[in-house]
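Structure first, commentary second.
These numbers come from a predicted model, not from an experiment.
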Amino acid sequence: MENENKNNQLQIELKEEVAQGTYANLAIITHSTSEFVIDFVRIMPGLPKANVQSRIVMTPEHAKRLMYALQDNVNKYEKNFGPIRMPEEQQQSGKTFVPPLSDFKGEA
């Protein structure tokens with residue numbers, strides 16, 4: 001039985017160049033009937049062009065699993081560190097929010 005459990009364990013390799021991560025401050029999400037595409041973009045102040053840093057393609061089922069996993073982790077984060085304040089919420093409270101690109105029409 002112990003050998004069966006060892007054979008069923010997934011070993012994940014994290015290569016050094018991937019382990020460093022890639023910074024992105026925008027996600028653009030599109031979908032079709034069979035897949036979701038998430039483009040992670042880095043917008044830099046003063047530059048008119050933003051580059052896609054990474055594109056992830058997944059099935060609708062995996063996209064929903066990711067949504068649940070993110071929701072669970074955000075809840076755990078906020079339980080430990082307090083609420084994450086969103087710029088949209090600050091705007092409603094009377095503070096000014098200036099989006100990074102005023103004419104950008106994407107989804108995040």
### Message
Could you measure the distance from the CD1 atom of I28 to the CZ atom of R55? Nearest 0.5 Å is fine.
### Response
9.5 Å
### Separation of E35 CD from T30 OG1 (nearest 0.5 Å)
8.5 Å
### Query
Are the side chains of I38 and L66 in touch, meaning some heavy atoms are under 4.5 Å apart?
yes
### Query
Any idea which heavy atoms bring E78 and I84 closest together, and the distance?
OE2-N, 2.9 Å
### Least distance between heavy atoms, A24 atom then F40 atom
CB-CB, 3.7 Å
### Query
Roughly how far, to the nearest 0.5 Å, is the CG atom of N75 from the CG atom of N80?
11.0 Å
### Connected via hydrophobic side-chain network under 4.5 Å: I56 and L70
yes
### Task
Just jot down the side chain to side chain donor-acceptor pair (under 3.5 Å) partners of D72, sequence neighbours excluded, or say none.
K76
### Query
Which atom pair, heavy atoms only, marks the closest approach of A50 to I43?
CB-CG1, 4.0 Å
### Query
So which heavy atom on S34 is nearest to which on P60, and how close?
O-CD, 3.3 Å
### Query
Does anything in residues 46-79 pair up under ring-ring contact (aromatic ring centres under 6.0 Å, His included), and if so which pairs, sequence neighbours excluded?
Y77-F81
### Message
When you group the ILVMFWY residues by side-chain heavy-atom contacts below 4.5 Å and let the links chain together, are I29 and V57 in the same group?
### Response
no
### Task
Could you grab the distance from atom CG of D39 to atom CD of Q53, nearest 0.5 Å is fine?
11.0 Å
